[in-house]
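I have placed the structure first, in the form of structure tokens, so that the comments after it can refer back to it.
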Amino acid sequence: MDELEDTADVATMVDEADQRRAKLDYWRSRGADPFGSRFVRTHSSRQIIDGFADLEGKHVSIAGRVMAFRGHGKASFLDIADLAGRIQVYARHDALGDEQYGMLQQVDIGDIIGVAGEVFRTRRGEISVALSSFTMLSKSLRPLPEKWHGLKDVDIRYRQRYVDLIVNPEVRDTFITRTRIVSAIRSFLDKRGFLEVETPSMHAIAGGATARPFITHHNALDMDLYLRIATELHLKRLIVGGLERVYEIGRIFRNEGISTRHNPEFTSVELYQAYADYHDMMEITENLVAHAAREALGATRITYQGSAIDLTPPWPRITMSEAVRQRTGVDFMAMSHEEARGACRRMGLDVPEHATRGACLSEAYEEKVEASLIQPTFIMDYPIEVSPLAKKRSDNPELTYRFEAVCAGRELANAFSELNDPIDQRERFLAQAVARERGDDEAHMMDEDFVTALEYGLPPTGGMGLGVDRLVMLLTDSASIRDVILFPLMRPRE
RNA sequence: GGGCCGCUAGCUCAGUCGGUAGAGCACCGGACUUUUAAUCCGGGUGUCGCGGGUUCGAAUCCCGCGCGGCUCACCA
């Protein structure tokens, strides 16, 4: 067996990273590039295991990261991980010869190698590859976290997601599921005739939602720009333009707090359908979510954080007013503004001096009802005060044709029959501008061009927005939004 | 931003009343030709998050700071 002649001092090195770095010279001295190049694989680990009946005795080549090494003197076992899974490799001294077998003993856990050999099943029944040759493809210079407990330190997991992905298979599964969910959203909408479009991320006016924006600066134009807080207003301009059915899956930026449910940048899908209304949006929402669940999980009955949730359509529909009345016994819309404020205060809710009954209703819903709605539910007919872009009800101008889909105690989607009356829209913006003047820096900004677009004529339109990250959390049973975002925002170290 | 909790070896974690820092995995050396958390023998590899303070002596007690987690506020 070969000795580590060029790196005789490896044994004296305390630091494992130093030991691994010293091995670079070992591989070079054997004519092997420790950072190799192209390698042709014939199979994935999964293909060999699934196709064992046909592959037994056949020669295959695979590549991947060494995740375990079990040496038995003149025989060794390695576990090789690739995207599809893991497979065991069995190496024998008498099959490889002194030199090759000696080199194999210098492989470290974490190294990426290519392997060729014959498929067989061990005495203990494990499908394996009997090694006939191997190639160092990439020498790993840092030790991996422990094989049994994995990597738990969430700080390292989020900052160094690549390590998390190497050692925690369930993390990789979560992100693969995320990709499937996004694909399912696309296929569902494409099939229904929606056009996927891309609208600007940098806005002169940040509109379409109630949120604080990030500000950036364009040097050549010498102007401040906002990162978008919604895709809504541009998508509706496209409906004005006659595109009729559009959607955008896009990154949204909101300059607000970070929590288990909030990341400063997140992904939404917004869709708009001409000649539709919010009832159509309810049908789309429940079927879109059910489709995503089926594609990603194969089922519409799921468990989220210990709660059984049935996403099978149709979902119950209830007005906000009725939901609040059932839960609290208070019928806000039958009260005067003053009585409504009193009712809120008796519930322990802090409402502003001139809060309307609609604002009180909304407050009572958010504080007293929303968190208790575990099964998917459509909460309909939001007050106009909190819905500046939604069409008002023809039978009650204090309410709008707006709903939110709620599930697991939180908002999943928000939708309405779009306000297409430019005169009304201008008044709503003006009311928001007054709120801004009063210091509400989350109130909507006046967008003159959007009103101009409406003046050209927006057909009656239904629109819906859904938080993709929240949907992924729900379908992957993730407690934190950081578990479904590959690289969540973290404060820099030091 | 407020409150609570955490930070010790590469990783997962112990660490008593303030008395020279310790276990598993990983790693290094040795044995072992079908193991699989391989096994057996030997080896502890450390800026106890950082900076001050108290003390003869601090991982441990006190103060400040940093980063993270949970939570409240805000929001999707």
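Proteins get letters first, then strands, A, B, ... in listed order; numbering begins at 1 in each.
- Relative orientation of the Phe378(A) and Phe403(A) rings is perpendicular, given thresholds of 30° and 60° on the angle between their planes.
- Taking atom P in both rU47(B) and rU8(B), the straight-line distance is 12 Å, to the nearest Å.
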Show, in sequence, the C-alpha distance, side-chain angles and deciding distance for Ser45(A) and Arg86(A), and conclude whether the side-chain hydrogen bond (donor to acceptor under 3.5 Å, both in side chains) test is met.
CA-CA 6 Å; Ser45(A) 60; Arg86(A) 283 191 187 200; over 6 Å; no
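- With hydrogens and angles ignored, no donor-acceptor pair under 3.5 angstrom links the side chain of Arg123(A) to the base of rU34(B).
- Qualifying salt bridge (Lys or Arg N to Asp or Glu O under 4.0 Å) partners for Asp164(A), counting only residues two or more places apart in sequence or in other chains: Arg157(A), Arg161(A).
- Base-pair partner of rG24(B): rC11(B) (Watson-Crick or G-U wobble, both distances under 3.5 Å).
- Using a 5.5 Å limit on the distance between ring centres and a 30° limit on the angle between planes, the aromatic ring of Trp148(A) does not count as stacked on the six-membered base ring of rG24(B).
- Residues forming a salt bridge (Lys or Arg N to Asp or Glu O under 4.0 Å) with Arg20(A) (at least two apart in sequence, or on another chain): Glu16(A).
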Below 3.5 Å, can you tabulate the donor-acceptor pairs from side chains in residues 136-143 of chain A to any protein atom, sequence neighbours excluded?
residue: Lys139(A); atom: NZ; partner: Asp108(A); partner atom: OD2; Å: 2.6
residue: Lys139(A); atom: NZ; partner: Asp111(A); partner atom: OD1; Å: 2.8
residue: Lys139(A); atom: NZ; partner: Asp111(A); partner atom: OD2; Å: 2.8
residue: Ser140(A); atom: OG; partner: Arg142(A); partner atom: O; Å: 3.2

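- Separation of the P atoms belonging to rU71(B) and rU35(B) is 47 Å when rounded to the nearest angstrom.
- The C1' atoms of rC62(B) and rG42(B) are separated by 44 Å, rounded to the nearest whole Å.
- Checked by distance alone, Arg124(A) brings no side-chain donor or acceptor within 3.5 Å of a matching partner on the base of rU34(B).
- Residue Gln105(A) holds its CD atom at 4.0 Å from OG of Ser76(A), rounded to the nearest 0.5 Å.
- Across rU39(B) and rG2(B), the matching P atoms stand 49 Å from one another, rounded to whole Å.
- The stretch residues 158-171 of chain A comes close to RNA chain B through Tyr158(A), Arg159(A), each having a heavy atom under 4.0 Å from the strand.
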Please tabulate the protein-to-nucleotide N/O contacts below 3.5 Å involving nucleotides 2-12 of chain B, giving atom names and distances.
residue: rC11(B); atom: O2'; partner: Glu146(A); partner atom: N; Å: 3.3
residue: rC11(B); atom: O2'; partner: Gly150(A); partner atom: O; Å: 2.9
residue: rU12(B); atom: OP1; partner: Lys152(A); partner atom: N; Å: 3.0
residue: rU12(B); atom: OP1; partner: Asp153(A); partner atom: N; Å: 2.8

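- Partners of Arg228(A) under the salt bridge (Lys or Arg N to Asp or Glu O under 4.0 Å) rule, at least two apart in sequence or in another chain, are Glu248(A).
- The CD1-C1' distance, from Ile109(A) to rC25(B), rounds to 10 Å in whole Å.
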Would Glu418(A) and Lys236(A) count as a salt bridge (Lys or Arg N to Asp or Glu O under 4.0 Å) if you check the C-alpha gap in whole Å, the side-chain angles of each, and the deciding distance to 0.1 Å?
CA-CA 9 Å; Glu418(A) 303 298 332; Lys236(A) 281 196 269 197; 2.5 Å; yes
